[in-house]
Trainee: 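Sending over a structure as structure tokens; questions will come in a sec.
In what follows, chains are A, B, ... by sequence order, proteins preceding strands, each numbered from 1. Any value given below was found using the heavy atoms of this structure, including those in side chains, with hydrogens, waters and symmetry copies removed. Everything numeric here is computed off the predicted structure, so don't read it as measured data.
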There are 2 protein chains.
Amino acid sequence: MPKKVDHDERRRELVQASWDVLCVDGLEGVSLRRVAQAANCTTGRIAHYFKGRDELLIASLRMAHTQAGARMRVIAESETDPLKRLRAILLESLPLDARRLKEWQVWLSFWAVSIGHKDLSAENQLRYQEWRAALADALRPIVSGKQVSVLADRLVTLIDGLGVGVTLSPTKEARQRAQNEIDIFLKSLN
Amino acid sequence: MPKKVDHDERRRELVQASWDVLCVDGLEGVSLRRVAQAANCTTGRIAHYFKGRDELLIASLRMAHTQAGARMRVIAESETDPLKRLRAILLESLPLDARRLKEWQVWLSFWAVSIGHKDLSAENQLRYQEWRAALADALRPIVSGKQVSVLADRLVTLIDGLGVGVTLSPTKEARQRAQNEIDIFLKSLN
DNA sequence: ATCGTTACGTAACAATCGTAATGTATGGAG
DNA sequence: CTCCATACATTACGATTGTTACGTAACGAT
């Protein structure tokens, strides 16, 4: 058959390129041509791997989720102490370095697009559900059963609030404060 | 001179129209023609009151802030009991009805645009500063001086987290939970 | 009544967009 | 080597965009 090319790898490259464009030019700057330029190819390649712009965008959002989810799972498995594990998960979810900041910028952007966009809205709901479930799992060994649900919700809210704050104003102090708030929350669990 | 027309009122109409378009079609749908259609006029009128699309967008964001700020000030002056006042301010800041939900949708959208958009980013920073100051003022009569700053930051984070959650999934339960969280926070002040 | 300014509709502009058709080089199967 | 499916690049298309120049109707001052 034809050239040997890792289909998934190509898709990842293109999604990565769309992230780069999005973080520099903002959502409105994400055009197929601009993504192609960032990926060092032409729109032809994009058309070959995605049906259209919408599908590329959905893939971008989904990949941002799965990528973060994978990191969470690694952490969840590597750390055995329940409290340390929860702490590691929470810190990993914050935009504390360049890569995670980019992830958060992607998320914020898609929150906006999902307003008035059915498919993306559903996609977002799904990730919330998964994220909440992961937090609930991490909480279960620490607190009593009845509190798990309440605290999971509260953590989602806390992370969203901190994440937004740091993403919109990614200063050293904001990052430091976010970490502090996490530790304060964890302390309240005792 | 020419026709008598309230300049500010016109600008408000056009901004209102841009909100309507934004909440239905999302950010990418906000074109001058579409805004004009929503405002029952042509792009000519928009051009007459705003230098261009960017200026319209900035005015939209700014007006969403000032409008919310005005409501806050009314509340702050009408309620004398410090704790009740703080509670009223916090509840007013959440997307608990259609109008405030629309405001939050506008904010979320502009968070996204402000990524990679210098002017809007600065505009956002400014509103954060004002919002934090307002919360600090409301906190001052309630807690000791040293805690004001910390708690103001924490409240900004809490409101952002709750607001995002409700805006992206505006269900009855989410709204109820948000109100609960506010009361739980207030209870912790004692 | 006239005049000048204002308010805004109309329309044309180039640029950019997403999409799709077409061309072409490539490299493994036979 | 031959062949053909694949992996793109190239290109063209029509639609839509922000912007701007121009036309005109309306109204307050004189």
Trainee: Answer yes or no: is there an ion pair linking A:E79 with A:K84, defined by an N-O contact shorter than 4.0 Å?
Mentor: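 Salt bridge between A:E79 and A:K84, a charged N being under 4.0 Å from a carboxylate O: no.
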
Trainee: To the nearest Å, how far apart are B:R45 CZ and D:dT19 P?
Mentor: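 So the CZ-P distance, B:R45 to D:dT19, works out to 19 Å.
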
Trainee: Within the pair A:T42 and D:dC8, is there a side-chain N or O less than 4.0 Å away from OP1 or OP2?
Mentor: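 Negative; the distance criterion is not met.
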
Trainee: Does the side chain of B:R34 get closer than 4.0 angstrom to OP1 or OP2 of D:dT16 through an N or O atom?
Mentor: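 No.
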
Trainee: If you pin B:R10 and A:V30 to their nearest nucleotides in DNA chain C, which one's is more 5'?
Mentor: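 The residue mapped nearer the 5' terminus is B:R10.
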
Trainee: Once you round it to whole Å, what is the distance between P of C:dG18 and CG of A:L57?
Mentor: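 Those two atoms, CG and P, are 9 Å apart.
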
Trainee: Looking at DNA chain D, which of residues 46-56 of chain B put a heavy atom within less than 4.0 Å of it?
Mentor: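 Residues of residues 46-56 of chain B that come under 4.0 Å of DNA chain D are, in numerical order, B:A47, B:G52, B:R53.
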
Trainee: Rounded to whole Å, please give me the gap between CG in A:L32 and P in D:dT11.
Mentor: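 Between P of D:dT11 and CG of A:L32: 18 Å.
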
Trainee: Should the pair B:D6-B:R12 be classified as a salt bridge under the 4.0 Å nitrogen-to-oxygen rule?
Mentor: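 The answer is no: the pair does not qualify as a salt bridge.
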
Trainee: Nearest whole Å is fine: how far is D:dA7 C1' from A:E9 CD?
Mentor: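 Rounded to the whole Å, the gap is 16 Å.
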
Trainee: Is the side chain of B:S169 donor-acceptor paired with the backbone N or O of B:G165 at a distance under 3.5 Å, no angle test?
Mentor: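 A pair under 3.5 Å: no.
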
Trainee: Using the closest heavy atom to pick a nucleotide of DNA chain C for each, name whichever of B:G44 or A:T43 lands nearer the 5' end.
Mentor: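 Result: B:G44.
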
Trainee: Grab the CZ-C1' distance between B:R33 and C:dT16 for me, whole Å please.
Mentor: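 Rounding to the nearest Å, CZ of B:R33 and C1' of C:dT16 are 13 Å apart.
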
Trainee: Do the ring planes of B:W104 and B:W111 sit parallel (below 30°), tilted (30 to 60°) or perpendicular (above 60°)?
Mentor: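 Answer is perpendicular, since the angle exceeds 60°.
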
Trainee: To the nearest Å, give me how far apart CZ (A:R11) and C1' (D:dC8) are.
Mentor: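 That distance rounds to 16 Å.
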
Trainee: Going by number, which of residues 14-29 of chain A have a non-hydrogen atom under 4.0 Å from DNA chain D?
Mentor: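 Contacting residues: none.
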
Trainee: Has the side chain of A:R100 got a donor or acceptor atom that lies under 3.5 Å from a matching backbone atom of A:S93?
Mentor: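 Not confirmed, A:R100 side chain does not pair with A:S93 backbone.
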
Trainee: For B:T43, does its backbone N or O pair with a side-chain atom of B:R33 as donor and acceptor, under 3.5 Å?
Mentor: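 No: the side chain of B:R33 does not pair with the backbone of B:T43.
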
Trainee: Output yes when a side-chain donor or acceptor of B:R140 lies under 3.5 Å from a complementary backbone atom of B:G145, and no otherwise.
Mentor: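 Not confirmed, B:R140 side chain does not pair with B:G145 backbone.
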
Trainee: Between A:H65 and A:W107, is a side chain to side chain donor-acceptor pair (under 3.5 Å) present by the stated rule, with each step listed?
Mentor: CA-CA 9 Å; A:H65 288 164; A:W107 287 331; 3.2 Å; yes

Trainee: Are B:D183 and B:R87 close enough for a salt bridge, meaning some N to O gap below 4.0 Å?
Mentor: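 Salt bridge flag = yes for B:R87 with B:D183.
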
